[in-house]
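Take a look at the structure set out below.
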Amino acid sequence: MGKGQDKENRVTDAATAAEPAGDRVDDPLVWGHTALRLEVSTGPDGVPRLARLEQPGAAGHDAEPAAFLPLLEVTALGHGTGWSGPRFTGTALNQRMRRRAVRAGIRDGWHFLDLDVHDPASGLAATVELSSPDGVPVLRSRVRLRNDGTRVAVVQSVSSLLLGGLPPADALEVHRARNDWLAEGRWYAEPLRGTVADIGVDSHQHDSRATLALAGRGSWPTDGHLAAGALTDGAGGRAWAWQVESPAGWRWDIGEYAHGCHLTLHGPADADHQWRQALAPGEEFTTVPVAVALGSGFEDAIAALTTYRRAVRRAHPDHTALPVVFNDYMNTLMGDPTTAKLVPLIDAAAQAGAEYFCIDSGWYDDDLHGWWDSVGEWLPSSARFPGGIQVVLDHIRDLGMVPGLWLEPEVVGVRSPVAKALPDDAFFQQDGVRITEQGRHQLDLRHPAARAHLDATVDRIVGAWGVGYLKLDYNIVVAPGTQGPGDTSPGAGLLGHARAYLDWIAEVLDRHPGLVIENCASGGMRMDGASLAVTQLQSTSDQQDPLRYPPITVAAPTAMPPEQCAVWAYPQPEFTDDEITFALAGALLGRVHLSGRLDRMSPHQLALVGDAMAVYKRLRADLPRALPFWPLGLPGWSDDWLSLGMRVPEGPTYLLVWRRQGTEPRLSVPVRHLAGRSEVAVGILHPRKTEGEAVWDAGGAAVGLLLPRTPAAVLLRLDPVS
């Protein structure tokens with residue numbers, strides 16, 4: 001995690017960063033910095049609320065404060081519900097309480113505000129922990145819930161953030177992203193009023209109970225949808241983009257109240273995820289963090305979220321080095337590596353410019369087939385590597401590359417000796433019975449035996465064998481979770497394991513700080529903010545068709561910074577030159593995951609690959625500070641033309657454009673942030689030789705592009721001259 005984000009590092013000294021705006025008891029508490037302003041006020045009954053969240057000086061700053069909604073909502077067994085779901089009512093945040101219930105300060109470039117509230121009826125107390133990186137219009141929130149009562153409390157849900165004061169539904173468009181296997185990141189937008197009905201004012205004087213809700217379930221948290229969303233206000237020129245940083249279940253919902261809308265962000269809850277947490281007196285539970293970014297439009301809010309994601313993640317040299325990774329799996333060896341197959345592929349990858357070489361699945365399989373339900377011991381196959389796997393790893397090193405291996409750490413096949421060696425409590429279970437999913441058991445990383453097994457595995461692979469890259473995959477789905485000893489519910493067990501898994505990764509990196517870890521779950525099924533904060537790369541997809549990959553590539557920077565977007569580039573010897581350059585192009589504004597039968601290519605074809613890798617190495621230093629933009633908007637799945645841009649502050653602009661099909665060879669690609677520039681130098685970086693043309697149109701603030709054939713892709717660099 002980023003500095004200052006753990007509970008132990010929070011600021012506890014009073015500070016003038018959070019002060020009442022005046023002298024009255026009900027004056028709002030104002031907190032923030034140059035890019036973000038927040039007000040907390042009290043309702044008629046003295047309950048605190050988040051009344052405003054805005055960018056100072058931005059459009060819409062004069063909007064009315066939020067209608068009364070509490071600072072957070074909690075459901076606990078035996079305490080009922082309120083309107084549109086339960087509400088946790090805390091003590092009044094008055095002048096006397098402010099001095100001892102509010103803590104604010106700054107540390108390591110982050111602003112912090114902690115607010116304490118208490119519910120006498122249930123005995124539950126909560127600290128709402130708000131933070132924001134200086135100069136970035138993003139609010140991060142999580143809640144620490146504590147049982148200050150004398151009896152066990154069973155909690156069913158706790159919001160991480162409840163934000164009111166949004167415009168009415170008529171003014172808003174809501175954005176969501178379908179995220180399916182092989183078809184990740186498919187954003188779509190619709191008017192919010194299409195879901196949240198306008199019921200009018202009836203004799204009951206009720207507000208609408210219509211809600212747009214979205215939830216992710218099971219151990220693939222981004223299977224179905226990204227754990228993210230956005231709202232845009234076309235009339236007011238404002239946008240709110242958010243992510244729920246949960247490695248397990250999550251939910252967000254938008255509803256209407258008192259002529260305005262509210263957004264609630266949750267981790268797992270009972271209704272959606274079979275999550276309940278029993279808290280004995282004195283025990284605590286901390287929700288998953290969430291983040292809301294503000295902007296003048298969708299792109300602007302995503303840019304702010306990109307900056308935040310860089311600030312909150314674990315520091316690692318890979319985030320700026322961005323080495324080229326060759327992986328032998330996709331459309332290449334497909335899980336069937338041997339020494340004989342790997343050596344020529346390693347030679348060709350090195351010649352093409354790869355800097356890491358990752359041996360993917362199958363390296364542990366002695367019978368050369370049927371390894372799915374026997375994995376878990378993670379010892380090299382003697383049948384695949386007659387001289388030992390070290391011969392292959394040494395060959396990778398001898399050619400100047402860092403060796404890597406694929407690992408699926410959480411699963412143990414039912415035929416694996418590890419399944420018998422570890423106790424039942426080291427695995428996911430229900431009613432005392434081990435869960436079996438597709439011929440595999442799931443380790444529970446809270447158990448010391450499970451953790452010791454994986455520690456020994458990684459320390460052998462990394463420490464003894466000298467592997468410097470691990471691709472951590474995960475190819476089963478367990479829902480709703482596990483109910484081991486001490487778990488109140490399956491959802492609580494799943495969240496407990498998922499958090500322990502990320503803690504385990506952090507401890508591995510503490511022991512092996514040079515190790516690079518890729519996060520993968522059948523591609524992008526675990527593309528959540530919590531996982532991205534501790535791992536260095538994220539697999540964007542398992543999509544094998546280079547013509548279908550571009551919309552996934554274009555959308556990936558909505559979920560992560562570009563320097564973490566691992567995109568497959570798998571040219572093949574049977575491809576035409578156009579198809580080779582098309583297959584390579586998508587990775588050039590992210591992280592190159594090179595693959596393909598380079599060992600069977602002609603010298604000319606291999607030179608095309610080498611040219612693309614040379615281009616990438618010249619521009620990659622710009623990517624860790626680049627901000628994404630979408631000149632043609634976010635892509636449709638079947639669009640003929642697609643485009644992704646990267647804007648480097650005080651630097652160049654990169655523009656990647658694909659033409660997949662269609663009869664029109666020309667397109668005007670707008671680059672709005674260069675409007676007013678009479679002269680912009682436009683250079684085609686990739687491919688090195690092309691019949692395509694690109695010229696700057698000053699009047700239209702656009703690049704006029706000609707791509708005469710399909711499929712075609714070009715990478716452009718734009719440098720303002722005047």
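Numbering of residues begins at 1 and proceeds along the displayed sequence. Owing to the predicted nature of the structure, the values given are computational and were not obtained by experimental measurement.
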Q: Can you sort out the partners of E507 under salt bridge (Lys or Arg N to Asp or Glu O under 4.0 Å), two or more places apart, ordered by chain and number?
A: R451
Q: Could I get the full list of salt bridge (Lys or Arg N to Asp or Glu O under 4.0 Å) partners for R460, not counting sequence neighbours?
A: none
Q: Could you check if a side-chain atom of D360 sits within less than 4.5 angstrom of a side-chain atom of L333, using non-hydrogen atoms only?
A: no
Q. Would you call the rings of H225 and Y188 parallel, tilted or perpendicular, where under 30° means parallel and over 60° means perpendicular?
A. tilted
**Q.** Side-chain (N519) to main-chain (L472) donor-acceptor, under 3.5 angstrom
**A.** no
Q: Give the C-alpha distance, both sets of side-chain angles, the deciding distance and a yes or no for side-chain hydrogen bond (donor to acceptor under 3.5 Å, both in side chains) between R309 and Q564.
A: CA-CA 11 Å; R309 288 163 173 161; Q564 289 182 272; over 6 Å; no
Q) Which class fits the ring pair H319 and H316: parallel under 30°, tilted 30 to 60°, perpendicular over 60°? A) perpendicular
Q. Do we see a donor-acceptor contact under 3.5 Å between the side chains of D455 and W504?
A. yes
(Q) Less than 6.0 angstrom from the centroid, inside 45 degrees of the normal: does R140 satisfy that with respect to the ring of Y308? (A) no
Q) Are Q536 and Y469 linked by a side-chain donor-acceptor pair shorter than 3.5 Å? A) no
Which donor-acceptor pairs under 3.5 Å do side chains of residues 550-562 form with protein atoms, sequence neighbours excluded?
from : atom 1 : to   : atom 2 : distance (Å)
T553 : OG1    : Y549 : O      : 3.4
T558 : OG1    : W187 : NE1    : 2.9
T558 : OG1    : A555 : O      : 2.6

Q | W372 six-ring face occupied by R440 cation (under 6.0 Å, within 45°) | A | yes
